[in-house]
There are 2 protein chains.
Amino acid sequence: MLFSKACHYAIRAALYISSRSENIVPIREISDELEISFHFLTKILQQLTRHHILTSLKGPKGGVGLNKPAEEISLKSIVLAIDGQDFFEGCLLRLDKCSDAHPCPIHDEWKPVRRQLLNFLESTTLDQFQSKVKSKKFRMKV
Amino acid sequence: MLFSKACHYAIRAALYISSRSENIVPIREISDELEISFHFLTKILQQLTRHHILTSLKGPKGGVGLNKPAEEISLKSIVLAIDGQDFFEGCLLRLDKCSDAHPCPIHDEWKPVRRQLLNFLESTTLDQFQSKVKSKKFRMKV
DNA sequence: TCCTTTTAAGACTAATTTGTCTTAAATATA
DNA sequence: TATATTTAAGACAAATTAGTCTTAAAAGGA
């Protein structure tokens, strides 16, 4: 699988949050709607908050919300916050510092494919899906 | 990470085997050369053997070898043998049966990117790297 | 101020993946 | 045939990831 389970949860939650017009959405609502364990989701969203992708508010009327405009939140930033940068340096043989200078045998062939993957994650932002998610015609769970 | 650690080991070992002119290579030699735990590698290569990607021979002069021409062994077949088909159905939100009929909000955007990834894995075969690996100018370990 | 609600933090458990070790089975060769 | 070598199989342990639970801290409202 491309990403960790936590990372997939994070992307789903981020899509959900960005589709809600309210600034702040309680995590309980997200976990109910997306059928994700509340406590696990809380931990994951805390990471997004620490990375300044979300803001959070405690107490009644509390919850989480986007910390910047949806068009400034890329899938890449979410993956980076949850799974770290391992993915982005990804060598097909998992060599430590596989590079043009010290490449593995697949490096040259793999590079353009990885580039396209990165381009997609960089250029894809939450705002692109807001209307789809709002329409409720697209699956957000199981 | 794209694939499991076991899968990366499998690809590395397959490249090594296909670059050796001998039909049969002892697993001990592979694990020594690639610095992979012998017993763990043995288990992984057993899976490739069960999937008829490799053949194996017990006893002195035993070892593993390609079960078909290198140009017929794709990266995809190795990934499939080790990690199963989860990767190939991969939805960005990890939904169970995300499809054109019942898509997640990112499905349409993700589809062409995944297609390119699959094309690469399908069209890339071991023979393409034999000379590079033989030249020993490319890294095969850490 | 006090109570309730909600996130933050972290200890703890469960599941999965990774890695080790022992024994069995097959086979070449002396 | 006996021995040494090598893969096969599977039990077991360690590490990582996923998930649960409890308590603390913050904030709104009576």
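Just so it is clear, the values below take in all heavy atoms, side chains as well, and ignore hydrogens, waters and symmetry mates. Proteins come first, then strands; the chains are lettered A, B, ... in the order of their sequence lines, and each starts at number 1.
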| query | For the side chain of A:H39, counting heavy atoms from C-beta on, which of C:dG19, D:dT7, D:dC21 is nearest? | reply | D:dC21

| said: We want to know whether A:Q46 and A:T49 form a side-chain donor-acceptor pair, criterion being a heavy-atom distance below 3.5 angstrom. | reply: no

| Minimum-distance nucleotide to A:K58 side chain [options: D:dA25, C:dG19, D:dT7] | D:dA25

| Rounded distance [0.5 Å steps], OG1 in A:T124 versus CD1 in A:I73 | 13.5 Å

| Are the charged groups of B:E109 and A:K132 less than 4.0 angstrom apart, N to O? | yes

| request: With the side chain of B:S56 defined as its heavy atoms from C-beta on, choose the nearest nucleotide among D:dT20, D:dT7, C:dT4. | output: D:dT7

| query | Just how far, in rounded Å, is P of C:dT7 from CD1 of A:I44? | reply | 14 Å

| query | When the ring planes of A:F40 and A:Y9 are compared, do they come out parallel, tilted or perpendicular, using 30° and 60° as the limits? | reply | perpendicular

| field | Given D:dG29, C:dT7, C:dG19, the nucleotide with the shortest approach to the side chain of B:F40 | value | C:dG19

| query | Whole-Å distance between C:dT18 C1' and B:E35 CD? | reply | 18 Å

| request: Using only side-chain N and O atoms of A:R50, determine if any of them is under 4.0 Å from OP1 or OP2 of C:dT7. | output: no

| said: What is the separation between atom CZ on B:F38 and atom P on D:dA8, rounded to the nearest whole Å? | reply: 10 Å

| message | Can you measure B:R28 atom CZ to D:dT7 atom P for me and round it to whole angstrom units? | response | 8 Å

| message | Using a distance-only criterion (donor-acceptor N/O pair, under 3.5 Å, no hydrogens), is the base of C:dG10 paired with the side chain of A:K43? | response | no

| query | Using a cut-off of 4.0 Å on non-hydrogen atoms, how would the nucleic acid contact of B:L45 be classed: base, sugar-phosphate, or nothing? | reply | nothing

| d(CD, A:E29; P, C:dT5) in whole Å | 17 Å

| field | Options D:dA8, C:dT7, C:dT18, nucleotide nearest the side-chain atoms of B:A6 | value | C:dT18

| request: Quickly work out the B:L41 CG to C:dC21 P distance and round it to whole Å. | output: 16 Å

| Rounded to the nearest Å, what distance is computed from the CG atom of residue A:L57 to the C1' atom of nucleotide D:dG29? | 15 Å

| field | A:K141 and A:R12, any side-chain heavy atoms less than 4.5 Å apart | value | yes

| field | Residues A:E29, A:R20: salt bridge by 4.0 Å N-O rule | value | yes

| message | Would you say A:S37 places a side-chain N or O within less than 4.0 Å of OP1 or OP2 belonging to D:dT20? | response | yes

| Nearest-nucleotide pick for A:P60, side chain only, options being C:dT20, D:dG19, D:dG28 | D:dG28

| request: Calculate the interatomic distance between B:I17 atom CD1 and D:dT7 atom C1'; express it in whole Å. | output: 13 Å

| Of A:G63 and B:Y9, whose closest DNA chain C nucleotide lies nearer the 5' terminus? | A:G63

| said: Does a side-chain N or O of A:K5 approach OP1 or OP2 of C:dT16 to a distance below 4.0 Å, or not? | reply: no

| task | Compare the minimum distances between each of D:dG19, C:dT7, D:dA8 and the side chain of B:Q46, then state the nucleotide with the smallest one. | result | D:dA8

